[in-house]
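Notes follow once the structure below has been shown.
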Amino acid sequence: MSPTLVLSLIAGYFVVLVIIALLTSRKATSESFFVANRNAPWYMVAFAMIGTSLSGVTFISVPGNVYGKSWSYLAVVAGYVAGYLVIGTVLMPLYYRLRLVSIYTYLEQRFGYWSYKTGALFFLISRALGSGLRLYLVAGVLQLAVFDKMGVPFAVTVMVSILFIYLYTFRGGLKTILWTDTFQTLAMLSCVGLSIYFISSELNLSFKQLVATVRGSEMSHIYFSDFKDDKFFWKQFASGMFITIVMTGLDQDLMQKNLSCRSLGDAQKNMFWFTIVLVGVNVLFLTLGVLLYQYAAAKGIHLSELPQLLTPKGTLDTDRVFPYLATTHFTLFAGIIFILGIIAVTYASADSALTALTTSFCVDFINIKQYAEAKQTRIRQLTHLGWSVALILIILVFRVINEQSLIDAVFKTAGYTYGPLLALYSFGIFTRRRFRERLVLPVCIVGPLLTLLIVAHSVEWLGGYKFGFEILLLNGAITFLGLLLISRPDNRTEAAPILS
């Protein structure tokens, strides 16, 4: 694919997003920026959340990862279902009852100032790192497909990508994003389906043969045998459940969309249908992964021998497999579909994250509601710009240090940064105790550090046990115990656990 063609696709796609932004950001206020005036249709929120939840990491890493981990990711997806059930029946009723804009204000009402600020701080760290990793992926794809051939530095690619997102989100916020993400989710789903169709056609597979090929492949196995293996099904299932609870239910980004629905009932309908579609989409991604390697084998492409697909350690970088095949071996039309898909799914995730970071910082740390609307607008736009710059820096740092699959990097990073949030909310919902407030932040810092130490030495200390995504559970448990040590009974009526 020529750089001129790819640049034209990006430009055309961006023009569509800007048009949508201009139409939806008229008379934008802080209320529309933060919660879309609380009148968004639930079916629109459900569809828009698909693109936000998946991101470019799912689009690239999940198919690529079947090479070393087969369909073990399906166990994580199964855990998602249990996690969304908890969100819909426990967390969303709490958020709607309190009519929250930032979900972290719950911690202030339940515990106090320092718990609130600690929860909001860990969200900002978690979402900034997660979004930076996701954007790193799409910037890398664009660098491979376009900018390397033009001699453009990676840093410039990153800055242009973030600038695009900033330009169409800084005015309308969530109200705009619900529309742009609906469009981008549709584009992403179309691309996945068409990619599977194109590869199946190249391999002369009917639908029945396609199913048989995937089922018969060694890359579609699920692991039940060895508990110590980081791919073991039930470990992955539990990890998926808690990853969902923290990365959706305790995350301002995705819950901000849910809070834009007209009522709790609408938000729960949104969560139900969103869950069904999300599981189906992830199965499509795993299917696509098997087909990619079948395609390479059929065409005599020895992926592990291509220098451009290898890590510095000489192993296959599975995150590069789909982009490489799509831009060098697929038909021109299939390559165009891939480029549009990766742009759509990454922008859908990143624009929402940027708005959520702005919302949390403005509400949780600046208390923006105390100012007049004109000043709120200025503060909001400057904050939006500041987080854009922060994301650029995170991507450039990760470019230097990354040596693993992006899907692994995102979830393992989340295990360390979301663990304190899991502990804080669990404590608030399931106990009737309060903290010695000034000790909350130190405990929430020590918890992840102890987790890091245990994970680093788990093989020698725990008889060969390897931690996978369940790092989150370990971190949450350690932090919870630390919070228990600094807590005392609370007999206030409003402190009663929500499930009592």
Side-chain angles (χ1 to χ4, degrees), residues 28-40 45 49 52 87 90-131 169-170 172-178 245-261 264 267 271 351-371 373 375-377 379-384 386-387 390 417-418 420-429 437 440-441 444 494 498:
T29 64
S30 292
E31 183 75 4
S32 61
F33 187 97
F34 296 142
V35 289
N37 299 319
R38 298 187 188 273
N39 64 359
V45 176
M49 281 179 62
T52 304
I87 293 169
V90 177
L91 292 175
M92 288 204 300
L94 173 65
Y95 298 154
Y96 267 85
R97 176 167 59 83
L98 299 176
R99 287 189 62 81
L100 303 180
V101 173
S102 166
I103 62 174
Y104 307 110
T105 51
Y106 160 74
L107 295 173
E108 183 174 38
Q109 296 178 36
R110 175 64 175 83
F111 297 118
Y113 177 86
W114 285 105
S115 297
Y116 168 40
K117 300 301 181 183
T118 298
L121 176 64
F122 272 90
F123 161 72
L124 293 176
I125 295 171
S126 301
R127 178 47 67 182
L129 289 175
S131 299
T169 58
F170 81 99
L174 186 61
K175 184 179 178 182
T176 292
I177 283 169
L178 286 173
I245 291 172
V246 297
M247 293 185 73
T248 299
L250 304 184
D251 186 285
Q252 179 66 26
D253 187 354
L254 285 164
M255 293 315 297
Q256 190 169 352
K257 284 187 171 68
N258 281 282
L259 294 174
S260 70
C261 292
L264 172 61
M271 187 60 67
D351 58 15
S352 179
L354 189 55
T355 300
L357 289 166
T358 300
T359 298
S360 179
F361 192 82
C362 288
V363 174
D364 299 324
F365 290 95
I366 299 178
N367 190 19
I368 196 171
K369 291 292 186 181
Q370 66 182 305
Y371 301 110
E373 182 62 39
K375 189 170 183 179
Q376 287 188 36
T377 300
I379 292 173
R380 195 177 68 229
Q381 292 179 354
L382 284 173
T383 303
H384 210 59
W387 279 114
T417 59
Y418 279 97
L421 278 172
L422 177 61
L424 284 167
Y425 276 83
S426 298
F427 215 96
I429 291 172
E437 273 289 285
V440 171
L441 181 58
C444 288
E494 64 269 24
I498 193 172

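Note that these values count all heavy atoms, side chains included, but never hydrogens, waters or copies made by symmetry. Because the structure is a prediction, the values reported are computed rather than measured. The residues of the chain are indexed from 1 along the displayed sequence.
Closest non-hydrogen pair, E108 versus Y116, comes out as CB-CB, 3.4 Å. Here the closest non-hydrogen pair linking W387 and L124 is CZ2-CD2, 3.7 Å. In this structure, E437 and Y113 approach most closely via the heavy-atom pair OE1-N, 3.3 Å. The minimum heavy-atom distance linking G249 with Y95 is given by the pair O-OH, 2.7 Å.
Here the CG atom belonging to L382 is positioned 11.0 Å from the OG1 atom belonging to T377, to the nearest 0.5 angstrom. Here the CD1 atom belonging to I366 is positioned 9.5 Å from the OG1 atom belonging to T358, to the nearest 0.5 angstrom. Here the OG1-CZ distance, from T105 to R110, works out to 14.5 Å after rounding to the nearest 0.5 Å. Rounding to the nearest 0.5 Å gives a distance of 10.5 Å between CG of L121 and CH2 of W114. The structure places CG of L107 at 11.5 Å from NZ of K117, a figure rounded to the nearest 0.5 Å. To the nearest 0.5 angstrom, F123 atom CZ is 15.0 Å from T118 atom OG1.
Shown here are the side chain to side chain contact (heavy atoms under 4.5 Å, CB included) partners of A120, two or more places apart in sequence or in another chain: Y104, S360, D364, F365.
Residues I87 and M92 have side chains in contact (heavy-atom distance under 4.5 Å, counting atoms from C-beta outward). Counting only heavy atoms from C-beta outward, the side chains of R127 and Q252 never approach each other to under 4.5 Å. By the 4.5 Å heavy-atom criterion applied to side chains, L441 and F122 are counted as neighbours.
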Verdict with supporting geometry, L250 and L424, side chain to side chain contact (heavy atoms under 4.5 Å, CB included)
CA-CA 10 Å; L250 304 184; L424 284 167; over 6 Å; no

Please assess Y425 against I103 for the test side chain to side chain contact (heavy atoms under 4.5 Å, CB included), listing each intermediate value before the final yes or no.
CA-CA 11 Å; Y425 276 83; I103 62 174; 4.0 Å; yes

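With hydrogens and angles disregarded, a donor-acceptor distance shorter than 3.5 Å links the side chain of Y106 to the backbone of G428.
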